[in-house]
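Letters A, B, ... are given to chains in the order of the sequence lines, protein chains preceding strands, and every chain is numbered from 1.
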Protein chains: 2
Amino acid sequence: MPASPYWDRAFAEAEAAAARGEVPVGAVVVAPGGAIIAAAGNRTEELADASAHAELLALRAAAAALGSPRLTGCDLYVTLEPCPMCAGAISHFRLRRVYFAAYDPKGGAVEHGARLFEQPTCLHRPEAYGGFHEQAAAAQLRRFFAVRR
Amino acid sequence: MPASPYWDRAFAEAEAAAARGEVPVGAVVVAPGGAIIAAAGNRTEELADASAHAELLALRAAAAALGSPRLTGCDLYVTLEPCPMCAGAISHFRLRRVYFAAYDPKGGAVEHGARLFEQPTCLHRPEAYGGFHEQAAAAQLRRFFAVRR
C-alpha cells in the first residue's frame with residue numbers, strides 16, 4: 001500500500017468516495033512547506049455536480065484556504081490520471097507538480113488523449129509524474145466497478 | 001449587438017464581470033424547452049477560485065437547479081471559446097450544444113489547441129458552433145484589456 005502520508009490520505013479519500021457510491025478517486029493538495037492544505041474525494045453524484053471530481057474539489061478547497069486563486073508552489077497527489085477538465089484546472093491554479101497513481105488511457109489528459117500540458121497553447125505546465133502505487137490504485141478501481149458492472 | 005435573449009444575457013453577464021474587474025466572459029445554460037436555467041459571469045478573482053469561469057459556474061448552477069449532474073438536452077451560450085477545463089466540464093455535464101462568440105486561439109480548446117471534442121477519447125461530444133457576434137465579443141474583451149495593459 002501507499003507509503004507517504006500524502007498517498008495514504010489520497011487513497012483514504014478515494015476509499016471514502018467508494019463507500020459513498022462514488023467512483024473512487026482521491027486528491028490531496030500539499031503546500032510548499034509540506035503541509036496538506038486540502039483533501040477531497042469524488043462527489044459528483046452526491047453534489048449532483050459533474051465537475052465535483054476529487055481534484056477540482058481539492059484545488060478549490062486549497063485556494064479557499066489560502067485566499068488566492070493561485071496555488072503557486074503547491075503539489076497535487078491524485079489516485080487517477082486527471083481528465084481534461086481537471087488537468088485544465090491544475091494549469092489554471094498554477095500547481096508546481098502533479099503526482100498521479102493509476103494511468104487512465106480512456107479518460108486521462110496528461111499522458112493520454114489531449115496531453116494538455118504538452119499543448120503549445122498551455123500557459124502553465126506543472127511537472128507531472130504518473131504510475132505511483134499504480135497496482136493499488138488499479139485494484140481499488142477494479143473492486144468498485146466489479147460490484148457495479 | 002447580440003439579437004437573441006440568450007446572447008443578450010450572456011453579454012450582460014460578461015459586462016457585469018468586467019464591472020467587477022474580472023475578464024469579461026458570460027455564459028447561459030438553456031433547457032430543452034428554451035428557458036434560461038442558469039447564467040453566470042467570470043468570478044475567479046472575487047471567489048479566489050481559478051475554476052470559477054463563467055461556463056463552470058453556469059453549468060454547476062444549472063445542475064443544482066435540475067438536481068442532476070447531467071444536463072441532457074441543454075445548450076450553453078458563452079461569449080468566448082471555452083478553455084480545456086470548461087470544454088472538459090461541458091462534456092462531463094453532457095450538454096447537447098455549445099454556441100460561443102469570440103474564438104480564442106491562445107486559450108480555446110474547441111476549435112484551437114487540444115480540440116477536446118475531436119479527441120478519440122472524448123466520451124460525450126456536444127455539437128459546437130463558434131463565431132456568433134464575434135465582433136461584439138472581441139470588442140468587449142479589447143475594451144477590458146485596453147484599460148489594464
Side-chain angles (χ1 to χ4, degrees), chain A residues 22-23 38 42-53 55-72 74 81-95 104-124, chain B residues 22-23 38 42-53 55-72 74 81-95 104-124:
Chain A
E22 307 272 2
V23 174
N42 185 22
R43 289 185 188 268
T44 54
E45 299 301 325
E46 177 191 343
L47 300 179
D49 178 354
S51 78
H53 286 193
E55 301 95 310
L56 206 42
L57 293 177
L59 291 167
R60 290 172 56 206
L66 298 181
S68 163
R70 283 161 286 278
L71 300 173
T72 311
C74 292
E81 180 178 351
C83 74
M85 175 183 74
C86 291
I90 285 163
S91 185
H92 288 316
F93 278 101
R94 315 274 176 89
L95 273 278
D104 187 357
K106 287 185 183 170
V110 177
E111 302 211 12
H112 296 92
R115 298 177 194 269
L116 275 186
F117 305 142
E118 298 172 22
Q119 293 284 339
T121 47
C122 183
L123 287 177
H124 174 83
Chain B
E22 307 272 1
V23 175
N42 184 23
R43 288 185 188 270
T44 55
E45 298 301 324
E46 176 190 343
L47 300 179
D49 178 355
S51 78
H53 285 194
E55 301 96 311
L56 206 41
L57 293 177
L59 291 168
R60 291 173 55 207
L66 297 182
S68 164
R70 283 162 286 277
L71 301 172
T72 311
C74 293
E81 181 178 351
C83 74
M85 175 183 73
C86 291
I90 286 164
S91 186
H92 288 316
F93 278 101
R94 314 274 178 89
L95 273 277
D104 187 356
K106 288 185 183 171
V110 176
E111 302 211 10
H112 297 92
R115 297 175 194 268
L116 275 187
F117 304 141
E118 298 173 22
Q119 293 284 339
T121 48
C122 184
L123 288 176
H124 175 83

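- Among B:Pro105, B:Ala64, B:Cys122, B:Ala89, the residue with the largest count of heavy-atom pairs under 4.5 Å with chain A is B:Ala89.
- No part of B:Leu123 comes within reach of chain A, as not one of its non-hydrogen atoms sits under 4.5 angstrom from that chain.
- In terms of heavy-atom pairs under 4.5 Å with chain B, the best-connected choice from A:Ala114, A:Ala63, A:Gly107 is A:Ala114.
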Return all side-chain donor-acceptor pairs below 3.5 angstrom for residues 81-88 of chain B, not counting sequence neighbours, or 'none' if the list is empty.
unit_1: B:Glu81; atom_1: OE1; unit_2: B:Asp104; atom_2: N; d: 2.9
unit_1: B:Glu81; atom_1: OE1; unit_2: B:His112; atom_2: ND1; d: 2.8
unit_1: B:Glu81; atom_1: OE2; unit_2: B:Val110; atom_2: N; d: 3.1
unit_1: B:Glu81; atom_1: OE2; unit_2: B:Glu111; atom_2: N; d: 2.7
unit_1: B:Glu81; atom_1: OE2; unit_2: B:His112; atom_2: N; d: 3.2
unit_1: B:Glu81; atom_1: OE2; unit_2: B:His112; atom_2: ND1; d: 3.3

* Pair B:Leu56-A:Ser51, side-chain contact (heavy atoms from CB on, under 4.5 Å): steps then yes or no -> CA-CA 8 Å; B:Leu56 206 41; A:Ser51 78; 3.8 Å; yes
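- At a 4.5 Å heavy-atom cutoff, A:Ile90 makes no contact with chain B through either its backbone or its side chain.
- Between the CD atom of A:Glu45 and the OG atom of B:Ser68 there is a distance of 8.0 Å, given to the nearest 0.5 Å.
- For the set A:Arg60, A:His53, A:Glu118, A:Arg70, the count of heavy-atom pairs under 4.5 angstrom toward chain B peaks at A:Arg60.
- Neither the backbone nor the side chain of A:Pro120 comes within contact range of chain B, judged by heavy atoms closer than 4.5 Å.
- B:Ala50 and A:Pro69 get closest at one heavy-atom pair: CB-O, 3.4 Å.
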